Amino acid sequence: MNRREFFRKGASIGLAGAALKFGAFPALFRLSAKSRQETIYDLAAVKGGEPGEMFERAIDALGGIKKFVKANQTVVIKPNIGWDAPPERAANTNPQLIGRIIKKCYDSGAKKVYVFDHTCNEWTRCYKNSEIERYVEDAGGTMAPGNEKSYYEKVVVGAGKTLKETEVHELILESDVFINVPVLKDHGSARVSIGMKNMMGNVWDRRYWHHTDLQQCIADFTSYRKPDLTVVDAYRILKKNGPRGVSDNDAISAKSLIVSPDIVAADAAATKLFGLDPLDIPHIRIAEQMGLGTMELSKLNISRIKI
């Protein structure tokens, strides 16, 4: 079966720290008069609860899933599934969150929902041991492979300053809606891995990014295809030894979620959850300078939700 047949037929493969407290993040989760009165928000920051419930509350605050996914549309969801690791390690996106997002897409009338990643470890083990495969299939979604070059097509990155062209997974090129679902974690090269860094799993040749100018390439690719929605999983945060983690003790419980159609704003807000300032992260600064979004959270109407 060639790659076109796979996507046309929709084939599916079978395959430390204490909990963070609200007081640690006053700037992000403190309620304001404006955020209580308005009903249309640029970004939702949720604290407490379980992954599915947090997403339900966040997407409602942003206007509901139908604002992003329309009837008969094809959706591609891009989690971080890069590592052969269990959910407790927080090296990959929380599987329960992915399952709930898929269900909401189908509730909105989506025709088909695909999930994939270009993994770092062996792909079938990553899909299985992250538990994402199970939750995707239970929700009626389709796990798509990203392990062969034939799935990727060369594109020109018109606004790129360093990354001028690259090969992109065809699901990103062909789907109607693109939902980016990173997990918030430490990263040895990029400092943090959030929404824009998670986009590296959309391309075939990631080595070029690392060997050239990683921070600029991250921003450059964002200019090519910004997600329709970025959902930052911070249920558990990998605080050290990222991006894979060495043990479950490298992760801490945060029970948080950041959701926005602005990927730069989502990354900026999530950076604060990590105890950093967005100015500390070069690719966030560069992306704002390129006009790809805003890292100035004071300019946004934020829904701060405590469960």
Side-chain angles (χ1 to χ4, degrees), residues 1-15 51-52 55-56 59 65-66 68-87 91-153 155 167-183 195 198-204 225-231 233 259:
M1 179 182 295
N2 62 36
R3 60 190 176 91
R4 295 290 179 184
E5 285 181 307
F6 176 87
F7 296 118
R8 184 170 60 252
K9 295 181 178 179
S12 174
I13 67 166
L15 305 176
F55 180 72
E56 295 272 1
I59 202 66
I65 190 66
K66 290 183 181 294
F68 303 96
V69 179
K70 305 297 190 294
N72 296 316
Q73 287 188 319
T74 298
V75 181
V76 57
I77 297 174
K78 167 59 179 70
N80 190 319
I81 329 176
W83 305 99
D84 180 5
N92 303 304
T93 304
N94 184 282
Q96 296 178 41
L97 175 61
I98 298 303
R100 184 62 63 91
I101 295 172
I102 293 170
K103 289 178 180 178
K104 292 296 289 184
C105 289
Y106 281 127
D107 288 346
S108 191
K111 177 172 61 177
K112 195 75 177 178
V113 182
Y114 293 100
V115 178
F116 88 98
D117 195 5
H118 182 194
T119 65
C120 298
N121 293 152
E122 200 280 323
W123 69 289
T124 60
R125 292 184 59 83
C126 292
Y127 280 20
K128 178 180 179 180
N129 293 333
S130 67
E131 298 187 20
I132 288 176
E133 179 182 60
R134 175 165 64 88
Y135 277 86
V136 168
E137 293 176 347
D138 287 349
T142 298
M143 291 297 297
N147 64 313
E148 294 183 4
K149 191 174 182 179
S150 62
Y151 295 125
Y152 298 79
E153 296 183 10
V155 301
E167 293 164 311
V168 180
H169 196 289
E170 64 183 359
L171 279 178
I172 299 298
L173 304 176
E174 296 176 358
S175 295
D176 301 305
V177 181
F178 170 29
I179 301 178
N180 187 32
V181 194
V183 59
N198 190 53
M199 303 264 276
M200 287 183 74
N202 294 338
V203 305
W204 178 250
R225 180 65 168 96
K226 289 191 290 184
D228 298 287
L229 191 67
T230 293
V231 182
D233 166 30
V259 184

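Everything numeric in this text was worked out from a predicted model, so none of it was measured.
Atoms NE2 and NZ, from His118 and Lys149 in turn, are 11.0 Å apart once rounded to the nearest 0.5 Å. A distance of 11.5 Å separates CG of Asn147 from CG of Asp117, quoted to the nearest 0.5 Å. Here CG of Asp138 is found 10.0 Å from CD of Glu133. Values are rounded to the nearest 0.5 Å. With rounding to the nearest 0.5 Å, the separation of OG1 in Thr124 from CE in Met143 is 10.5 Å.
With hydrogens and angles disregarded, a donor-acceptor distance shorter than 3.5 Å links the side chain of Lys78 to the backbone of Asn198. Panel note: side chain His169, backbone Pro145; a donor-acceptor pair is recorded below 3.5 Å. Using a distance-only test at 3.5 Å, with no hydrogens or angles considered, no donor-acceptor pair links the side chain of Tyr151 to the main chain of Leu171. Side chain of Tyr152 to main chain of Asn202: no donor-acceptor pair is present (N/O by atom type, distance under 3.5 Å, no hydrogens or angles).
When every heavy atom of Ile77 is checked against every heavy atom of Pro79, the shortest pair comes out as O-CD, 3.2 Å. Contact between Asn180 and Pro227 at its shortest, heavy atoms only, is CB-CG, 3.6 Å. Shortest non-hydrogen contact noted between Glu170 and Glu153 is OE1-OE2, 3.5 Å. Here the closest non-hydrogen pair linking Phe116 and Ala144 is CB-O, 3.3 Å.
Annotation: side chain to side chain donor-acceptor pair (under 3.5 Å) contacts of Arg134 (sequence neighbours excluded): Glu131. Under the rule for a side-chain contact (heavy atoms from CB on, under 4.5 Å), the partners of Asp84 that lie at least two apart in sequence or sit in another chain are Asn121, Arg125, Cys126, Asn129. In this structure Glu148 satisfies the salt bridge (Lys or Arg N to Asp or Glu O under 4.0 Å) test with no other residue, sequence neighbours excluded. Qualifying side-chain contact (heavy atoms from CB on, under 4.5 Å) partners for Thr74, counting only residues two or more places apart in sequence or in other chains: Lys111, Lys112, Tyr114, Ser175, Asp176. By the side-chain contact (heavy atoms from CB on, under 4.5 Å) test, Ser130 pairs with Ile81, Asn92, Ile132, sequence neighbours left out.
Counting only heavy atoms from C-beta outward, the side chains of Pro51 and Asp233 never approach each other to under 4.5 Å. In this structure, Val259 and Leu229 have side chains that are in contact, with non-hydrogen atoms separated by less than 4.5 Å.
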Would you be so kind as to tabulate the donor-acceptor pairs closer than 3.5 Å made by side chains of residues 94-105, with sequence neighbours excluded?
residue	atom	partner	partner atom	Å
Asn94	OD1	Gln96	N	2.9
Asn94	OD1	Leu97	N	3.2
Arg100	NH1	Gly52	O	3.3
Arg100	NH1	Glu56	OE2	3.3
Lys104	NZ	Glu56	OE1	3.1

Residues Phe68, Ile59; criterion side chain to side chain contact (heavy atoms under 4.5 Å, CB included); working and verdict: CA-CA 9 Å; Phe68 303 96; Ile59 202 66; 3.8 Å; yes

